[in-house]
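Take a look at the structure set out below.
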Amino acid sequence: MAAEIIAVTQQKGGVGKSTIAMHLGAAFHEKGKRVLVVDADGQNTLVHWASASSGDNGIPFPVINLSEAGSQIHREIKKFVADYDIIVVDCPPSITEKVSGVVLLAASVAVMPTSSSPADYWSSVGLVKLVQQAQVMNEDLRAVFLLNKTEEKRMLTRELKRALEELGFPLLKTQIPTREAYKQAMALGQTVLQMNDRGAKLAAIEVRACANEIAALLP
Ligand SMILES: Nc1ncnc2c1ncn2[C@@H]1O[C@H](COP(=O)(O)OP(=O)(O)O)[C@@H](O)[C@H]1O
Ligand SMILES: [Mg+2]
């Protein structure tokens, strides 16, 4: 069976694409899937993250850098589909580049992280158009929003949820709050699934719940 491709994409930087891509990879790996994580962003966040671990407690699945492939990236990704069950692609922030568009043509699911800032909402509007264009060719593509860096008791979050849903794609039930553990994971070259403090344990529950919701969307 060929791997299912999960594209993590958003027009803006800093919304948590890389954080979510790596943690989705970790959650699917934990489920026993053969996981490949592809860094498609020239910032190479995931490649640095995977090499940040000093010991043998690092990222337990391969992370490869295909950002150089540019608009040919889907061809490079296709070379790996026979050897994996899940390929998670961390897309670059700009949709003016062709990269996100071609990855979406090959993907089963697009995960669109957004925080509760209006700027993220506006960038989601542009992204929705790109996803809809991809769906003309790739009819089976599913797309979901994922609220990241949420703060409790924020009015804005409630308003934003409604606005996002009106854009026509569902919002995952699981939300990812702002937690130090996500930052620490990146610095330690690990994911929250490997960490033991209380924050990381709560984060691990969220990450697994997110992956389960996404797994349910896969064919
Ligand atoms: N839920 C979260 N809680 C705390 N920090 C987060 C969370 N999500 C992302 N971050 C931090 O925000 C910054 C940007 O996240 P990153 O995943 O690199 O975003 P992007 O790939 O969209 O640019 C990083 O420092 C990351 O550790
Ligand atoms: Mg990134």
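Keep in mind it's a predicted model, so treat the numbers as computed, not measured. Atoms within each ligand, like the ligands themselves, are counted from 1 in listed order. Residue numbers run from 1 in the order of the sequence given.
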Taking only heavy atoms of the protein into account, state which residues are under 4.0 angstrom from an atom of ligand 1, in chain and number order. G13, G14, V15, G16, K17, S18, T19, N148, K149, I176, P177, T178, R179, Y182, K183, M186
S115-D120 side chain donor-acceptor pair, cut-off 3.5 Å: yes
If we count only N and O atoms by modelled type, under 3.5 Å, do the side chains of T174 and E206 hold a donor and an acceptor together? no
Contacts satisfying ring pair (Phe, Tyr, Trp, His ring centres under 6.0 Å) that involve residues 64-89 (not counting sequence neighbours) are none
Given a cut-off of 2.8 Å, the protein N, O or S atoms lying below it from the Mg ion (ligand 2) are S18 OG
salt_bridge(D83, R34) N-O dist < 4.0 Å: no
Check R162 with E165, please: is the shortest side-chain N to carboxylate O separation under 4.0 Å?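 Salt bridge between E165 and R162, a charged N being under 4.0 Å from a carboxylate O: no.
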Are V192 and H23 close enough that some pair of their side-chain heavy atoms sits under 4.5 Å apart? yes
Measure from the side-chain N and O atoms of N44 to the backbone N and O of N65, and report whether any donor-acceptor pair falls under 3.5 Å. no
May I ask you to decide if L172's main-chain N or O and E213's side chain share a donor-acceptor pair within less than 3.5 Å? no
Please report, to 0.1 Å, the donor-acceptor pairs under 3.5 Å made by any side chain of residues 86-94, with sequence neighbours excluded.
residue, atom, partner, partner atom, Å
D90, OD2, S18, OG, 2.6
S94, OG, T96, N, 3.0
S94, OG, T96, OG1, 2.5

